[in-house]
There are 2 protein chains.
Amino acid sequence: MTAGVEYGLHCLLWLASSPGTPLSSRDLADFQGISRSFLAKVFPKLEKAGIVSASEGINGGYLLARQPGDITVLEVIDAIEGKKPLFDCQEIRGRCAVYRERPPSWATKGVCAIHAVMLRAEKAMRDSLASQTLADIAGDLGGKAPPEFSDDVRKWLADRTKGRTRSGATEDRALS
Amino acid sequence: MTAGVEYGLHCLLWLASSPGTPLSSRDLADFQGISRSFLAKVFPKLEKAGIVSASEGINGGYLLARQPGDITVLEVIDAIEGKKPLFDCQEIRGRCAVYRERPPSWATKGVCAIHAVMLRAEKAMRDSLASQTLADIAGDLGGKAPPEFSDDVRKWLADRTKGRTRSGATEDRALS
DNA sequence: ATAACTCAGACAATTATAGTCCGAGTTATG
DNA sequence: CATAACTCGGACTATAATTGTCTGAGTTAT
Ligand code: FES
Ligand code: FES
């Protein structure tokens, strides 16, 4: 499982906690101390999948395209990783030396028993991931932070957007 | 999931179908048309895990160390891949810019909610894999092949060992 | 009109995987 | 008993994917 998934899911949770106001990928990256450019490569995939919607311009950013309860973790993973299978069978059963280069039909018919076991395991994993939505995760997480924290976050983001005038340069104050 | 798992599992099935007589990693590789050297790197891991036992010498090879019904697919995968987690959390929740480099204890306490979802999914997958043994797979697979096939395989292996004298060079007849 | 911001796709560096190679030790052969 | 071919075992190199960086086109408040 790639690291982009962790980045993407955490960002989506922050988006869920600030409905209505768009957050830019740059702010989200600085806010969490991760690479701006890399995150900027993750979000387009989420937009193509219809999970977030982008708005351009100086106060633009990303917004959740649906309700947090309608977005499953599985959707997010597939959007970022590209729905690649957990196990890619290379059909080695057809290369058996006994067949002399032309395997009989009964050998390659259907799915290999080993492959079938893997597919079942993959389905179990995907079912588990599909049963959890962003709202579920946010609920588990929200109980831990003290009430004042939510305000601190809003303040940080406000300070950030306040600098977006012609005079006050933003700089990279969050880095270094 | 790596390709070595597919090779290893298929080899173990062949081992299960010929109890008592050891099969060498070289023969197993040629028999299935895969790389000898690569397979020779997979089997030591299976031996360290106590799944197969090795015997040296000119007629040596590998033997199943336990009954096929006592070897789960999960064991084999862990032996070959090294029990690496499906998702390695990088604890990005602790890098939030609001904390200014020293995150409070309530933020990093316990397991991140996202990580927890992944762990649950991984457990579902592992449970599914642990419920299947080599005997189960062999049973599913054995019903497909016609009865004559089993004899053909034995014959192929016998021809192979027959050439192991000082006069009849083995050559790489199975390759090319 | 400007200037700073936004997204978006093309470009390297790193890491893990797949595959190859050669050496030490063992056993049937003659 | 000497040989020779086989066995396993770990160290080495090529390849593919992932991570991360860079530069360019377009949009919106000033
Ligand atoms: S041929 Fe691919 S798993 Fe059996
Ligand atoms: S910090 Fe790693 S998943 Fe949340």
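Per chain, numbering begins at 1; letters A, B, ... match sequence-line order.
Remark: P of C:dC7 and CZ of A:Arg26 are 10 Å apart, rounded to the nearest angstrom. Going from atom CD of A:Glu56 over to atom C1' of D:dT27 covers 6 Å, rounded to whole Å. When rounded to the nearest whole Å, the span between CG of A:Leu46 and P of C:dG9 equals 13 Å. Atom OH in B:Tyr62 sits about 4 Å away from atom P in D:dG9, given to the nearest Å. In this structure, A:Asn59 places its CG atom 12 Å from P of C:dC7, rounding to the nearest Å. The distance from atom CG of B:Leu23 to atom P of D:dC8 is 10 Å, rounded to the nearest whole Å. Here the C1' atom of nucleotide D:dC8 and the CZ atom of B:Phe43 are 12 Å apart, to the nearest Å. Atom CD1 of A:Ile92 and atom C1' of C:dA18 are 14 Å apart (whole Å).
Not counting sequence neighbours, the partners of A:Lys84 by the side-chain contact (heavy atoms from CB on, under 4.5 Å) test are A:Thr2, A:Glu81. For A:Ser128, the side chain to side chain donor-acceptor pair (under 3.5 Å) criterion is met by no residue, not counting sequence neighbours. Partners of A:Asp127 under the salt bridge (Lys or Arg N to Asp or Glu O under 4.0 Å) rule, at least two apart in sequence or in another chain, are A:Lys123. Evaluation of the salt bridge (Lys or Arg N to Asp or Glu O under 4.0 Å) rule for A:Glu91 yields A:Arg93 as partners, not counting sequence neighbours. Partners of A:Arg95 under the salt bridge (Lys or Arg N to Asp or Glu O under 4.0 Å) rule, at least two apart in sequence or in another chain, do not exist in this structure.
Pair assignment for D:dT18: C:dA13, on the basis of Watson-Crick or G-U wobble contacts that are both within less than 3.5 Å.
Note on A:Ser24: every side-chain N or O is 4.0 Å or more away from OP1 and OP2 of C:dC5. Contact check, B:Lys48 against D:dG10: a side-chain N or O comes under 4.0 Å of OP1 or OP2.
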(message) Please encode protein proximity along nucleotides 17-22 of chain D as a string of B, S and -, counting only heavy-atom distances under 4.0 Å.
(response) -SBBBB

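At a threshold of 4.0 Å, the pair B:Glu148-B:Lys155 does not count as salt-bridged, since none of the basic side-chain nitrogens sits closer than that to a carboxylate oxygen. Using a 4.0 Å cut-off between a side-chain N of Lys or Arg and a carboxylate O of Asp or Glu, B:Asp151 and B:Arg154 qualify as a salt bridge.
When the nucleotides D:dC8, C:dC7, C:dG9 are ranked by their closest atom to the side chain of B:Glu47, D:dC8 comes out on top.
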